[in-house]
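Worksheet for the structure shown next.
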Amino acid sequence: MIELFDVTKRFGEETAVDGISLRVESGELCALVGTSGCGKSTTLRMINRLIEHSEGEIHIDGQPIRRFEEDTLRRRIGYVIQSTGLFPHWTVARNIGLVPRLLKWSPERIESRVDELMALLGLPRETFADKYPDQLSGGQAQRVGVARALAADPDILLMDEPFGALDPITREALQDELRELQARLHKTIVFVTHDMDEALRLADKLVVMDAGRIVQQGTPLELLHEPATPFVESMLGGDDRGLKEASLVTVGERMLALGPRLNATARVHRDATLRQALAVMFREHADRLTVIDDEDIPVGELSLQRLVGNTRHE
Amino acid sequence: MNERGVPRRANRAVHRWRLPLTWLALLLVLTVGMAELEGVFRWIETDSRQVIYDRADFVTLLGRHLLVVMVASLLATLVGVSAAIAVTRRAGRDFLPLVAQIASMGQTFPPVAVLALAVPVLGFGTLPIIVALLLYGLLPIVRNTLAGLQGIDSSILEAARGMGMSRGQVLRQVELPLAAPVIVAGIRTSVTVNIATAALGATVGASNLGDPIISGIVNGNTAYILQGALMIGLLALTVDSTFERLALRRARR
C-alpha cells in the first residue's frame, strides 16, 4: 500500500507537485494520467526517492519512506522506464539479475530466478539470455525491463510510460501481457502515462493530474460517467468517451441470456467489448447479435438497445 | 577445448596482433642491430667519421625512454581520470569548468617552456621531463574521460540509481565500463604524443632516445638524428597499434 499525504515538490520557485494526497491499495494498478509537465512523473519518482519530496509524507505499508535508506528502499521497489535504461554492456540475463545481485543472492538462486522471469515474459532463454540490449527489438527490450524490475519480487512496481516508445501493435500486446501478469502477481503498481486509452485499459484506479494537482480520481467507469471538470472530460476524449466506456464493458455483461428468438445471424463473442459488438453491428447492418461462447454455442442475444444500456422496451 | 582448437585459436590471435607485432619486431631489430646498418647511414651522412650513435647503447636509451613515458603517462592517467570523475560527481560539479580549463592550459603550454621553468626548481635530469610530460599528457585524458562519462545516456544512470545501485556501484559497474573505450582513446593519444615529446628530455640531461637527435643536431650529423627519429617513430607505432588492438577487442566484447 502506498499513501501520499499532502505531498508537494518544489524545484526552486516552481511547484511541480502541489499538495496531492493519494492512496494506492495493495494489488491495485493505479494510473497517473495527464499532459506532459503535469507532475505525474515527478510524483512517481518521489515514491522511490529519485526525487525527494519537499513537503508532506509518503508512506509505504504505513512506514514513511524517509525512514528507509534510499538504496534499500529502491531495491524493494521495481522500476520500469520508457527508454528501458538497460545496461548496454551487460547481457539480458545479467541485466535481469541486477537487483538480486545487489541483494547478494547466491549465484544459483539468481540464475534460477532469471530463468523463471525470462519464461514468464516470453523470452526463451536459449535465444535471449546472452544477447545484448542493442540486439533486441523495442518490445523485447521493454520485456527485459519489466523482468528486471520484477527480479527481486518487489511488492511495488513503478512504471513511467513503459510502453510510450513502442509501436501501437507491440504496445497493445504488452498491455495485454501486463494485465495477465498483474492478474497472477497482484503487485501494487503505479503507472504513469499520457495515453488515456492505455490508462483505461489497465487501471483499477485512475488519477487525472493537471498543473501539479489531482483533478479527479476514481475507477475508469466512475470517471467516464462523471468527469469532474471539462479538463477531465477532454482528457477522456469529449463525446468519444462513450466509445471508451463501451470498450470497458463486455458483451456478456449486457446481453440477454439465451432469449427466445435467436434469429440474428451476426455473431459476437461473449468476452468481446461493447465497442467491438457495436463495430460488428455497424459492419453487418444488424441491430441484433447472437452472443456465442468459446465453443461457438449461442448463449444469448444483444440488441442495439441493450448495448446502449436502454432496457425499458424488452 | 578440443585439441585442434588450441593452435587455431593461437593462430587467430597472432593474426590479429600482426600489426603491433610487426612494429615491435622492427623496433627490437633496430635496437639490437643498428650497427649492421652502418653502410646505409654512411651513404646518407657522408661527411662524418662516426655514423652510428654509440655514446650509449640503444637498449639503454629505449629502456629509459619507455620508463619516462610510462611513469608520466601513469601519473597523467591517475590524475586525469580521477579529476574527471571527481568533477562529474554531485559534490565536485562546481569545479568542472576549472578542471577543463587547467587541462587545456596544460596542453597550450609548450613542453619546452615547462622544462625551462622546471629545471631551476627540480634540477637537471628525469624529474623535469616527467613533469612536462605529465602536464602535456593530461588534456586528452581529462577531456576524453569527461566526454566518456557525460556521454552516457542519462536514462541508464537513472535506471541504475532507481534499481538501488549505490553511487559507487554505478560508477564502477556502469559509468566506467561504458566510458572505457573513450577513456582508453584519450590515454592512447596522450601516450603516443608523449613518446615523441619525451625526446626533449635529452636537452635537460634525461638521457633517452632524444639523445641521438640532440647530438645529431649539435654535431650536424644527420645519421644520428635519423637513428633517434626511427626508434621513436617505431616505438610510437608499436604502442599506438597495441592500443588500437585493445580498443577493437573491447568493442567486440
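Each chain gets a letter, A, B and so on, in the order its sequence line appears, and its residues count up from 1. Atom set for the values below is all heavy atoms of this structure, side chains included, hydrogens, waters and symmetry mates excluded.
- At a 4.5 Å heavy-atom cutoff, the contact between A/Glu70 and chain B is made by side-chain atoms alone.
- For the residue pair B/Asp153 / B/Ser155, a side-chain donor-acceptor distance below 3.5 Å is found, with atom types taken as modelled.
- The environment of A/Asp155 atom CG is sparse: at most 12 non-hydrogen atoms of other residues, nucleotides or ligands sit within 6.0 angstrom.
- In terms of heavy-atom pairs under 4.5 Å with chain B, the best-connected choice from A/Gly145, A/Ser83, A/Ala152 is A/Ser83.
- With a 6.0 Å radius and a threshold of 12 heavy atoms from other residues, nucleotides or ligands, B/Arg18 has its CZ atom at or below the threshold.
- Atom CD1 of residue B/Ile187 and atom CG of residue B/Leu246 lie 10.5 Å apart, to the nearest 0.5 angstrom.
- Only the side chain of A/Arg45 comes within contact range of chain B, with heavy atoms under 4.5 Å apart.
- When heavy atoms are compared at a cutoff of 4.5 Å, B/Gln173 approaches chain A by way of both its backbone and its side chain.
- A/Leu86 touches chain B through its backbone: at least one of N, CA, C or O sits under 4.5 Å from a heavy atom, while the side chain does not.
- Here CD1 of A/Ile60 is found 7.0 Å from CZ of A/Phe68. Values are rounded to the nearest 0.5 Å.
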